[in-house]
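Okay, so here's the structure we're looking at.
Naming: A, B, ... by sequence-line order, numbering from 1 per chain.
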Amino acid sequence: MSETDLMDKPEAANAPALDAKTQAAFVDYLLHLGDNGLILGQRLGEWCGHGPVLEEDIAMTNIALDLIGQARMLLTRAGEVEGAGRDEDALAYGRDARAFRNLLLVEQPNGDFAATMVRQFLFSAWCYELFRRLTASTDPGLAAIAAKAVKEAAYHRRHSGEWLIRLGDGTAESKRRAQDALDDLWIFTDEMFEAQPGDAALAAAGLIPEPESLRPDWEAMVERVLTEATLTRPDPGFRREGGRTGRHSEYLGHMLSELQFLQRAYPGARW
Amino acid sequence: MVTLAATSPPANPPATPDAVRALLEAVTDPEIPVLTIGDLGILRDVQVDDAGGVTVVITPTYTGCPAMSAIDLAIRERLLAAGCETVRVKTVLSPAWTTDWMSAEGRRKLEAYGIAPPAEGAGEGRGALFAADPTVRCPHCGSEETEKVSEFGSTACKALYRCRACAEPFDYFKCI
């Protein structure tokens with residue numbers, strides 16, 4: 001990756017002083033955001049050359065590019081706040097699955113096109129609400145990244161939301177596939193609003209919003225799209241979480257073996 | 001940030017920010033070569049210190065824009081060739097780039113090149129789900145009878161459109 005710093009140093013220098021415990025929680029949170037982008041970007045990249053039509057192949061890889069761009073900045077910021085000398089590459093390529101903090105939702109396999117669009121919509125609707133609030137973070141570095149990312153998330157939400165409506169309110173087959181994907185992935189959505197023990201201190205410091213506070217706006221948008229799509233909202237019940245504490249599904253390790261192969265085999269290799 | 005030094009500078013390196021900006025008129029977006037970085041609004045600031053060291057501040061259009069490193073390199077090459085001894089290129093994220101920063105000249109050049117410029121006055125609705133699409137004029141025949149084919153086009157900043165009047169496909173530089 002580039003040798004140029006993506007973060008403007010003076011902005012980062014204005015960050016509030018944090019005690020060691022809050023700082024560690026903030027690093028973990030930044031890794032959570034960065035890993036979401038990195039892992040979903042990698043998943044979408046798997047569609048390259050396999051999209052159902054050329055336009056969608058291009059769309060999914062464009063979204064992947066945005067997500068990886070966001071991940072680079074977020075991981076860079078995580079490394080800066082941590083202050084241990086780890087850069088974006090060290091964090092992306094040098095951590096094991098248990099150290100990844102992404103949502104379980106984003107590591108789920110692509111499935112068919114409907115499943116990829118459902119996953120994208122559930123995630124992007126959340127990301128939009130999250131980044132919108134993070135533009136007011138007391139960490140100037142995170143606020144600057146969020147101000148860029150929210151504009152991109154708006155387009156991702158729109159693209160996947162429109163597809164969900166088209167698939168749900170389409171043919172019997174497209175509706176069945178969209179509903180199946182929704183039923184399968186719904187169990188991972190509660191995790192987006194689940195607070196970790198460190199989050200309260202981060203929210204009190206104005207660094208992040210309370211995770212639960214995003215739920216009403218997310219629910220309203222999801223409800224609106226599902227109604228338009230004539231899809232049925234799955235019953236709440238069984239739920240899965242654990243991504244933010246490193247308890248991932250089996251899928252993540254397999255993804256990392258591909259994503260990290262080159263740096264594991266040839267540590268420090270550069271283009 | 002990477003600092004490069006020229007080996008044999010010509011006699012008259014640019015001494016003022018305006019002189020540097022004039023040189024940077026030659027630096028274009030590698031994916032839209034008719035637009036300079038000034039036209040695009042990604043050139044944010046130019047500083048020249050007492051020792052003649054130049055700092056150029058740029059901002060990315062999209063977080064993952066792969067053109068940024070090529071633009072960074074082109075800026076260095078241009079200024080080092082003009083005799084600057086020290087060139088720093090700094091990338092800033094805040095304030096976030098918006099298509100509103102594209103110059104009138106840039107918009108005109110974009111349309112002449114065959115890419116529809118970003119719609120003006122799209123406001124807060126840009127990219128929003130359930131918001132109406134802006135009216136996009138075909139850069140080939142001028143008709144406003146156009147339709148969106150895909151929200152994502154050949155680069156992160158463009159959408160793919162089709163003209164219903166002349167039937168030509170074209171890129172639209174979408175608003176962010």
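- Of the two parts of A:E162, the backbone and the side chain both hold a non-hydrogen atom closer than 4.5 Å to a non-hydrogen atom of chain B.
- With a 4.5 angstrom heavy-atom cutoff, A:I165 touches chain B only via side-chain atoms.
- Side chain of A:K151 to main chain of B:W97: a donor-acceptor pair is present (N/O by atom type, distance under 3.5 Å, no hydrogens or angles).
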Verify side chain to side chain contact (heavy atoms under 4.5 Å, CB included) between B:Y62 and A:L65, making sure each step is shown before the conclusion. CA-CA 9 Å; B:Y62 283 74; A:L65 192 63; over 6 Å; no
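- Using a 4.5 Å cut-off between heavy atoms, B:I176 contacts chain A through both its backbone and its side chain.
- The candidate with the highest count of non-hydrogen atom pairs below 4.5 Å against chain B, out of A:V150, A:T135, A:I58, is A:I58.
- The two residues B:F152 and A:Y155 make their nearest non-hydrogen contact at CZ-O, 4.1 Å.
- The 12-atom threshold is not exceeded at CD of A:E258, counting heavy atoms of other residues, nucleotides or ligands nearer than 6.0 Å.
- In terms of heavy-atom proximity, A:K148 sits nearest to B:P60 at NZ-O, 3.0 Å.
- Looking at A:M60, neither its backbone nor its side chain comes within 4.5 Å of chain B, counting heavy atoms on both sides.
- The distance from the NE2 atom of A:H156 to the CG atom of B:L129 is 13.5 Å, given to the nearest 0.5 Å.
- Taking a 6.0 Å sphere around CZ of B:R162, one finds it holds 12 or fewer heavy atoms contributed by other residues, nucleotides or ligands.
- The minimum heavy-atom distance between A:N62 and B:A156, with the atom names listed, is OD1-CA, 3.1 Å.
- Only the side chain of B:K148 comes within contact range of chain A, judged by heavy atoms closer than 4.5 Å.
- Considering every non-hydrogen atom in both A:E55 and B:L160, the closest pair reads CG-CD2, 4.1 Å.
- Within a 6.0 Å radius of CZ in A:R43, more than 12 heavy atoms belonging to other residues, nucleotides or ligands are found.
- Closest heavy-atom contact between A:E56 and B:S150: OE2-OG, 4.5 Å.
- The two residues A:D66 and B:T63 have their closest heavy-atom pair at O-OG1, 3.1 Å.
- Interface residue B:T155: only backbone heavy atoms are found under 4.5 Å from chain A.
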